[in-house]
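Each remark here refers to the structure printed beneath this line.
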Amino acid sequence: MPVARPTPRIAPSILDCDFRQLAAQLRLIADAGSELFHLDVMDGHFVPNLSIGVPIVQAVSDATDLFLDTHLMIDDPDRYAGAFAKAGSDNITFHIEASADPPSTVRRIRDLGCQVGVALNPATPAHSVYGILPGVDMILVMTVWPGFGGQTFIEECLPKIRDP
């Protein structure tokens, strides 16, 4: 029997929005039909750039009722997951490469009342997440290196999407 595939949803990132007009920009995206927002959190360690943190996630949560998908591109996601959950994240996605104990990270995020996503960098094989699949709601296959916008799409990552 064929496996039913979920309908893809577009998750606009707020990374390039005008933060002086955050609420208005969020309304524009919601009015365009988006059901969720993608919040890119970078720590300057796991990835070389810095981006938003807990206060911005809280501000987004206060400004919208839409689903918040918080993508932690940070070292030690277990340490900060609680703060992002408290700030209003509905889903917390961590990088398999950044977790010392991925099954524990999945349980921690789930215990915080959030859905769980796991991300894989372009060089990370799909089988790296097999052991945690039962506890994961979403897999984010990175087709660019995390930490920078405007990169060239890495087509070689596409087979990971089909990997059994």
Side-chain angles (χ1 to χ4, degrees), residues 6-121 124 126 128-149:
T7 303
R9 297 187 303 166
I10 296 173
S13 173
I14 67 159
L15 199 55
D16 288 327
C17 79
D18 179 349
F19 285 97
R20 296 169 299 172
Q21 303 292 324
L22 181 60
Q25 301 245 306
L26 294 170
R27 278 192 302 278
L28 283 172
I29 295 168
D31 290 348
S34 181
E35 301 171 7
L36 63 154
F37 292 109
H38 184 82
L39 309 172
D40 288 305
V41 177
M42 301 178 219
D43 67 358
H45 298 280
F46 181 72
V47 297
N49 278 337
L50 290 170
S51 68
I52 66 170
V54 173
I56 297 294
V57 172
Q58 181 68 59
V60 172
S61 178
D62 290 347
T64 185
D65 291 328
L66 294 184
F67 189 89
L68 302 184
D69 170 30
T70 303
H71 177 193
L72 300 182
M73 292 176 268
I74 65 173
D75 282 334
D76 196 7
D78 292 81
R79 181 175 178 190
Y80 298 100
F84 285 102
K86 186 176 179 184
S89 298
D90 296 298
N91 181 85
I92 296 177
T93 298
F94 71 96
H95 276 260
I96 193 84
E97 306 88 357
S99 174
D101 183 359
S104 176
T105 302
V106 169
R107 284 190 302 276
R108 168 112 172 94
I109 294 169
R110 183 81 57 211
D111 288 348
L112 291 166
C114 294
Q115 291 185 16
V116 181
V118 62
L120 296 100
N121 281 342
T124 304
S128 300
V129 300
Y130 288 178
I132 61 171
L133 284 179
V136 171
D137 300 292
M138 178 186 78
I139 300 169
L140 174 58
V141 175
M142 297 293 295
T143 56
V144 295
W145 286 98
F148 296 98

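Note: hydrogens, waters and symmetry copies are ignored here, and every other heavy atom, side chains too, is used. Computed from a predicted model, the values in this text were never measured in an experiment.
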Sidechain-backbone polar pair: S51 side chain, M42 backbone, donor-acceptor under 3.5 Å: yes
Side chain to side chain contact (heavy atoms under 4.5 Å, CB included) between L39 and L15, intermediate numbers included: CA-CA 7 Å; L39 309 172; L15 199 55; over 6 Å; no
T124 backbone acceptor or donor facing N121 side chain under 3.5 Å: no
Distance-only polar pair, side chains of N91 and T93, donor-acceptor under 3.5 Å: yes
F94 versus V116, closest heavy-atom pair with distance: CE2-CG1, 4.1 Å
Check: Q25 side chain, C17 main-chain N or O, donor-acceptor pair, under 3.5 Å: no
N49 side chain vs G147 backbone, donor-acceptor pair below 3.5 Å: yes
Other residues, nucleotides, ligands: >12 heavy atoms within 6.0 Å of Y80 OH: no
CA sep, side-chain torsions, deciding dist, call: V129, V136, side chain to side chain contact (heavy atoms under 4.5 Å, CB included): CA-CA 9 Å; V129 300; V136 171; over 6 Å; no
Where L120 and A126 come nearest, the two heavy atoms and their spacing: CD2-CA, 3.8 Å
Donor + acceptor pair across side chains of H38, D40 (<3.5 Å): yes
Side chain to side chain contact (heavy atoms under 4.5 Å, CB included) evaluation trace for I74 with V41: CA-CA 7 Å; I74 65 173; V41 177; 4.0 Å; yes
Side chain E35, main chain L66, donor-acceptor under 3.5 Å: no
Side chain T105, main chain S99, donor-acceptor under 3.5 Å: no
L140 side chain reached by H71 side chain, heavy atoms, under 4.5 Å: yes
Salt bridge present between D137 and R110 (N-O < 4.0 angstrom): yes
